[in-house]
Structures are given as C-alpha cells and as structure tokens.
A.B. asks: 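Let me begin by handing over the structure; questions about it come next.
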There are 2 protein chains.
Amino acid sequence: MELDERKKKILQAVIRNYLETGEPVGSRTISKYTDLNLSSATIRNEMADLEEMGYILQPHTSAGRIPSDKGYRLYVDTMMEEKERKVVEMEEMLLERQDKMETLLKQVAKVLAQNTQYATMISAPQSRGAKLKFIQLSRVDAHQLLAVIVGEGNVIKNNILNVEEELTDETLLKLNILLNTQLNGLTIGEINLAMIAYLKQQAGIHGDIVGEVLDAVAESIRDEEDLEIYTSGTNNIFRYPELADHHKASELINAFEEKQLLGELLQDSRSDKENTGIQVYIGEESSVQSMRDCSIVTATYELGGGMKGTIGIVGPKRMDYEKVVGTLRTIQSQLDEMYRGDKE
Amino acid sequence: MELDERKKKILQAVIRNYLETGEPVGSRTISKYTDLNLSSATIRNEMADLEEMGYILQPHTSAGRIPSDKGYRLYVDTMMEEKERKVVEMEEMLLERQDKMETLLKQVAKVLAQNTQYATMISAPQSRGAKLKFIQLSRVDAHQLLAVIVGEGNVIKNNILNVEEELTDETLLKLNILLNTQLNGLTIGEINLAMIAYLKQQAGIHGDIVGEVLDAVAESIRDEEDLEIYTSGTNNIFRYPELADHHKASELINAFEEKQLLGELLQDSRSDKENTGIQVYIGEESSVQSMRDCSIVTATYELGGGMKGTIGIVGPKRMDYEKVVGTLRTIQSQLDEMYRGDKE
DNA sequence: TATTAGCACTCCCTTTTGTTGAGTGCTAAT
DNA sequence: ATTAGCACTCAACAAAAGGGAGTGCTAATA
C-alpha cells in the first residue's frame, strides 16, 4: 500500500491533534479539523490503512487513534515545520555575563525547562578539547602540592597532589617552567602518557620526585572524565499523565538523579551527529530503558575551541517537537553568540 | 486527664504499629500486640482518652487511630530507643579516601539514602569557618588574574579576576607575599572589609591597581555563600503512598531540585542546636511548606576546624525515627573519625 | 470500681451493575 | 470513490450492594 498525499495529510492531522490534546483522535475530529472536506467514513477507511501500515494505533477497539513510534518518526523527519522560538528570560540571563561555567549551564537548563515545560539536562563541555593555557604547582603543605590547571575559556581544574619527598623551591620553580613551556598550547586530550614520558626525560636529573609529580599532574589532567551534568525541571514529568504514574516517574527521576545514564545518552548523541547537531530519539530509540515512554531531543552546542557539550530535553512522546527543536536552535545560537561576545 | 504509664504504653504501641504498617491501628490489634493483657474494649476507652488529649486521631469514624504530630513529638522526645546503626557500604566508602570534598559528600548522601530508604541531603561545610592556608595570584592573561585560595582541609576556591591595567611581575610577587603573610591563619569569615582596607594601606605606593585586585580577592573569598547542597534518593518518596500522589511528589521533588529551601532548612537547624546536634522536625514544625506531610531529621557534622555542615533526611511522618537517628549518629562519628584520620 | 463481653452502628473499600457516549467497521446507496 | 446509516464495542463514570474492620455504648462481671 502506498502512503499517498492524502494519507500523509490525515496522519499529520492525527499527530498534530494528539500532540495538543493527548487524547486518541477520532475520524469525526479529523473530518472537521482538516480542509480535506471528507466525511468521517472516508477518514475511517484511510485511518484503517494507516494503522495497517503501522503509523498509528488504537489503544483499544472503539477508541480513536494515536501515533505509533513509526508515525512520530515520519512526522519528525518529514512533516514538522521548525521555527525559531523566542526563549523567555534568555536575554536577562545573557546580560549578566557568567564567568563561571557551572552557573551558566545551570541557568541554561533552568531557562530551558521553564520555556519548554519538559525535563532538561545539559552536559558541561569536555575539557579535553580545550587548549592548556596555564599550569602551576604550588606548595601547600610539606607533603602536598596544589596543581592548578587553566584551559581555554578559563576552565579551571585543581588538584591536591601528595608527594613523598619534599621538593625544594628550586625544583618546584623548574617544574613549573618545564610544564608551562612544554605543555602550553596543547589540548588537554593531547597530554597523554607518551607526552609525560618525554617530559620526564627532559627533567633528567631530578629523577624520581619529579617523575612522581608529573604522573600526578598527568592524572589530574586526564582524570576528570566524570562528565558533569546539570538537570532542571524534572518535576515537569508530572504534567504528563502518561509519565506520571508512580513506577515510571520514580524510574525517570532516578535516572535524572543518577546522571550516569544521562551521560551516556548525551555522549552517544554527540558522536553520530547530523549536520544540524540536533537529534530526536522517540521511545525505544534511545538506549535508556526508563525512558522508553519518552522522547528525547538533544542538541550539541559549542563554546568555541572544541569545547562541545550537549543539551537534552526529555518529555512524553507527544512532546511539542516543533517548539522543542526551535527552542534548542535558539539556545544554540545564543550560546554561540555568547562565546563570540567573550572573544571580542 | 493524666497521661499515666498505661496510656503511654498504649500510645507507644499505636505509634510503633503505625510506623510499621502505615495503616490506622485498631484496639484489637493493640490488645494482642502488647503484653498488657487488656481486652480491646479497655483499649478502646484508653484510646478515646488519648484522642481527647490530642496524641492520636481518627482519619474517620470507625477507623483505627493514627498518631498526631503531638503524638509523634512525644514519641521522639521520650519514648524512642536510639541505637547505633550499622551503615552498609560505609566502610568501603571510607576506605578509598576522598580528597575531593564534593565526591565525599555525594557519597555520604547516597549511602544514607540507600540505608534509610528516605530522601537525603547534605550541605557542604561553610568555608567561612576554615582557616586560610594559602593564597596565590597568577597571571593567566594580559588582563586576567587567577586567584587560588586554599583553606584548611584543602578547600579550594578559584576565581578569575579581570584587571584593567597590566601588573608587573614584581607587583604580583609583592602582592602574593603580602596576601600570604597578612592573611595566613585567619578564617575566611574574618577577612572582611576592614581587613582589606588595612591591607590596601599596607600596600601603600602601588595604589589603585593593587586596591582593585585586593577588592576582587576579597570578593572572591567571601562571595561564595551559595551553600552547596547534594541530594540523593529523592525517588524514595514514591515508597510512601502518603507522599506519592502527583501534587505532593511534584512539590517535594521541586524542593529537592531547587535546593534553595533545603538550604534554609539546613541552615536553621544548625543554629538552634541541642547538645547532640540531631534535630527532628515533624510535619508543620519545619518551615518548608511542601514538606508539611513529612518529617525531617537533621544532624550537624563537623570535619574539624569549624568546618560544619548539616545532613538532612526527609521521609513521611511515620518514618523510622529510631533507625534514622541511629544511622545519623553513626555517620556523624564516622565523619569525625575520618577527619581525625586525615590529621594523623 | 475497673474491666470486659456483646451489640448496634458507622463508614471505607471493593465489587457489581447499569448507563452513556465516542468511536469503529461494514454495507449499501450515491 | 465517497458517504450515509447502522449495529457493535468498550472505556469511563455513577449508582448500588455487600463486606469488614473498627468504634462507642451499655450492661454484666470480678
């Protein structure tokens, strides 16, 4: 059977209506709602075909139809009309420039949740892409060093290193010079074991102690793969009855709290990107079990210099895809603008 | 009417039973459950008295009794038998010593949630109580300085300072020496405006630029009053039907996400402390509206040197107070031990 | 005088039974 | 190919009925 133009129109009407109301859509509704001027009986026949083709389904006999995952997919891929979305309160947020990445991201998540009424998450840009700008070891205690590492975009990492032997001031100074001259300009991801081995060799005479410190520095640079994620609006899931029953809600909230799975999700969505950097997962398309009744829209953002992070929006399958995608586009460009603003 | 020994026993029995089952407790149950050897009829009379006195109440005629807030209060104050609680997985956690405060606190929250099956929160110790150990300004960029401030217990703060004029290496070095000699040993809370004014005076000749930097340093030291809070086990609230309906759950989850109110709550509970540092808020006793159907148990912990934080556990009013208080005590002493372990 | 057995009564909870209405599929007419 | 008409289905709501746990009261008992 072929999906002709009329069937498409009817499918689209069913989906649009269902997105709005959340109620199964009947033939009579469609007959009036569209400009097709067809009787409900005709629509019924068409809808039976659409069901057979797998685009819509009946929750039970004698109910209207709701879109299936396949139906949503078709809609998202070919029938949706994106439009830029005004993002409320975004300007304010941008006015007070955030020097702290953390604050900025938390705010983005919050604004997004308020605008869309869905649950949102945002992953901090991986620092491994950022170039090293400055590194410094300072003595804090007899056996403790503080390593401060500053990357492009002023991403700061601290680490307390425990060292067995005491270092002289001179050694420390030399180490600092060595580290800065050798590592400056490299991205954090580039500082690997080979690099460190080379550094150790450079350090030469100081041998053990320096080696120990360098190892610790290397570890603290690469270590922090924990991938921070900020979430907001989790309680929005209660707005959608299809997600709000105890079991599902509990699972979802847990996923949002644990953040482990979210991390993987956002990670995945970054790798296989399309040209636009926006991706939609409908129902079981995402790997997260507890979100099998949800749709997830993710967007990759960039703060310049390879600092890429991902934003995710989680809602019911009948989420307002147009609005969400539109909003995400706006945010993407706002963040981009913000970065360029930073540079000038 | 007097609350004699027998009435107390009955009240205790009612509460104990209700804590377990969550169902209103009838006279027949008590008659069998206790060793009082009284018939249900006698118990009924006594229960009528207890109700008149306000310790228990009937959800509706012909139902059993449930404890009132006043009843719970009496129970918590005089009838509860605390016992130390083994905290599962706590040892493991302590074995891998955490140098990062953040990780430690997150873990404590998690372990606590798993052990108690309630929602938990923990506030990071206020850094204002910590003594300054080390402070350093470094040039990151032509117009950007990085201030690193290390307090006792290796609490680290970073801040990027923007400066108008460029500083010479010499000035920077002098500033560092000045800051370290003058501020070392003071608590972060003690570094106030007067102190800074004095420093400015000391700096003397350098005038403006130094003043600017000092102001920025002062700000970054005292600024961070945001009071970080980590939560865990929010979804545990779904275990308790009396909290799990959409409206209440949504409000609660929101409170846990916003963290604003939690902060005030934990803050309050620290100020008016009893000798033990553990406090119980039953129902409306806490100021947080969305938690009027909950009980909250808070405990103050100390990591030495005035570094005090607060732990909170939120559950239904019929929470297992004995277990919760016991568990908190255990955690308190474990954290204490941990700090002492750090010192030796 | 304190306790208890007995009993009528209350009220929630669950199940049952109707009733309604939106929606369908099919058939026959257009 | 489209549509009017009709019988049928089934969720959702409401009213009715039954069951049961628990109470308060009264009168008997130790």
Side-chain angles (χ1 to χ4, degrees), chain A residues 1-11 13-15 17-18 20-68 71 241-242 244-245, chain B residues 1-11 13-15 17-18 20-68 71 241-242 244-245:
Chain A
M1 198 170 338
E2 204 210 347
L3 190 67
D4 58 18
E5 206 50 43
R6 196 171 72 175
K7 283 193 173 55
K8 270 191 194 170
K9 271 203 162 168
I10 292 171
L11 177 56
V14 170
I15 295 180
N17 198 286
Y18 185 69
E20 270 179 39
T21 64
E23 300 282 300
V25 186
S27 53
R28 227 180 100 78
T29 313
I30 300 295
S31 154
K32 285 186 295 184
Y33 184 70
T34 60
D35 50 357
L36 291 167
N37 274 1
L38 292 173
S39 78
S40 61
T42 314
I43 304 288
R44 272 202 288 286
N45 289 329
E46 293 288 54
M47 275 165 67
D49 289 355
L50 282 170
E51 180 166 9
E52 201 179 329
M53 288 189 270
Y55 291 108
I56 54 181
L57 42 85
Q58 263 181 310
H60 56 83
T61 0
S62 90
R65 304 305 213 290
I66 63 175
S68 68
E242 60 264 53
D245 76 282
Chain B
M1 199 170 337
E2 205 211 346
L3 189 66
D4 58 18
E5 207 49 43
R6 196 171 73 176
K7 283 193 171 57
K8 270 192 192 169
K9 272 201 161 171
I10 291 171
L11 177 56
V14 169
I15 296 179
N17 198 286
Y18 185 69
E20 270 178 39
T21 63
E23 300 281 300
V25 186
S27 53
R28 226 179 99 77
T29 313
I30 300 294
S31 154
K32 284 186 295 183
Y33 184 70
T34 59
D35 50 356
L36 291 168
N37 274 359
L38 291 173
S39 78
S40 61
T42 313
I43 304 289
R44 273 202 288 287
N45 289 328
E46 294 288 54
M47 276 164 68
D49 290 354
L50 282 169
E51 181 165 10
E52 201 179 328
M53 287 188 270
Y55 292 109
I56 55 181
L57 43 84
Q58 263 181 312
H60 56 84
T61 1
S62 89
R65 305 306 213 290
I66 64 175
S68 68
E242 60 263 53
D245 77 284

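The figures that follow rest on heavy atoms only: side chains count, while hydrogens, waters and symmetry mates do not.
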A.B. asks: Can you tell me which nucleotide in D/dA4, C/dG25, C/dT10 comes closest to the side chain of B/Ser62?
C.D. replies: C/dT10
A.B. asks: Could you check which of C/dT4, D/dC10, C/dG25 has an atom nearest any side-chain atom of A/Gln58?
C.D. replies: C/dG25
A.B. asks: Does any nucleotide pair with D/dA15 by Watson-Crick or G-U wobble geometry, both distances under 3.5 Å, and what is it?
C.D. replies: C/dT16
A.B. asks: Remember a base hit wins even if backbone is also touched, and classify A/Ser27 as base, sugar-phosphate or nothing at under 4.0 Å, heavy atoms.
C.D. replies: sugar-phosphate
A.B. asks: Nearest to the B/Ala41 side chain among C/dG25, C/dT4, D/dT3, which nucleotide is it?
C.D. replies: C/dT4
A.B. asks: Would you kindly give the CE-to-C1' distance between B/Met47 and D/dG22, to the nearest whole Å?
C.D. replies: 9 Å
A.B. asks: Are the side chain of B/Ser31 and the backbone of B/Leu38 linked by a donor-acceptor contact shorter than 3.5 Å?
C.D. replies: yes
A.B. asks: Where is the tightest heavy-atom contact between B/Val14 and B/Val25, given as atom of each residue plus distance?
C.D. replies: O-CG2, 3.6 Å
A.B. asks: Go nucleotide by nucleotide along DNA chain C from the 5' end; which of A/Gly64 and B/Arg6 gets its closest nucleotide reached first?
C.D. replies: B/Arg6
A.B. asks: For A/Leu50 and A/Leu3: C-alpha separation, side-chain torsions, deciding distance, then whether side chain to side chain contact (heavy atoms under 4.5 Å, CB included) applies.
C.D. replies: CA-CA 8 Å; A/Leu50 282 170; A/Leu3 190 67; 3.7 Å; yes
A.B. asks: Counting side-chain heavy atoms from CB outward, which of D/dT9, C/dC12, D/dA21 is closest to B/His60?
C.D. replies: C/dC12
A.B. asks: Classify B/Thr61 by what it touches in the nucleic acid, base, sugar-phosphate, or nothing, heavy-atom distance under 4.0 Å.
C.D. replies: sugar-phosphate
A.B. asks: In whole Å, I'd like the distance from the CZ atom of A/Arg28 to the C1' atom of D/dG5.
C.D. replies: 14 Å
A.B. asks: Keeping the roles fixed (side chain from A/Glu46, backbone from A/Lys7), state whether a donor-acceptor pair exists under 3.5 Å.
C.D. replies: no
A.B. asks: Could you identify the nucleotide paired to C/dT24, looking across every strand shown and requiring Watson-Crick or G-U wobble geometry with both distances under 3.5 Å?
C.D. replies: D/dA7
A.B. asks: Is any N or O donor-acceptor pair between the side chain of A/Thr42 and the base of D/dT2 shorter than 3.5 Å?
C.D. replies: no
A.B. asks: For the pair made of CD in B/Glu51 and P in D/dT23, what is the distance, rounded to whole Å?
C.D. replies: 10 Å
A.B. asks: Rounded to the nearest Å, what distance is computed from the OH atom of residue B/Tyr18 to the P atom of nucleotide D/dA21?
C.D. replies: 19 Å
A.B. asks: Under 3.5 Å, is there a donor-acceptor pair between the side chain of B/Ser68 and the main chain of B/Gly54?
C.D. replies: yes
A.B. asks: Please find the pair of heavy atoms, one from B/Glu23 and one from B/Tyr18, that lie closest to each other, and give the distance.
C.D. replies: O-CD1, 3.0 Å
A.B. asks: Heavy-atom nearest nucleotide on DNA chain C for A/Asn45 versus A/Thr29: which residue maps closer to 5'?
C.D. replies: A/Thr29
A.B. asks: I need the CZ-C1' distance between A/Arg65 and C/dT24, as an integer number of Å.
C.D. replies: 7 Å
A.B. asks: Roughly how many Å is it from CG in A/Asn37 to P in D/dT2, rounded to a whole number?
C.D. replies: 12 Å
A.B. asks: Quickly work out the B/Glu23 CD to D/dG22 P distance and round it to whole Å.
C.D. replies: 9 Å
A.B. asks: Expressed in angstrom and rounded to an integer, what is the separation of A/Glu46 atom CD from C/dG25 atom P?
C.D. replies: 12 Å
A.B. asks: Establish whether the base of D/dG24 is bridged to the side chain of B/Arg44 by a donor-acceptor pair shorter than 3.5 Å.
C.D. replies: yes
A.B. asks: Under a 3.5 Å cut-off for both contacts, is C/dA29 paired Watson-Crick or G-U wobble with anything, and if yes, with which nucleotide?
C.D. replies: D/dT2
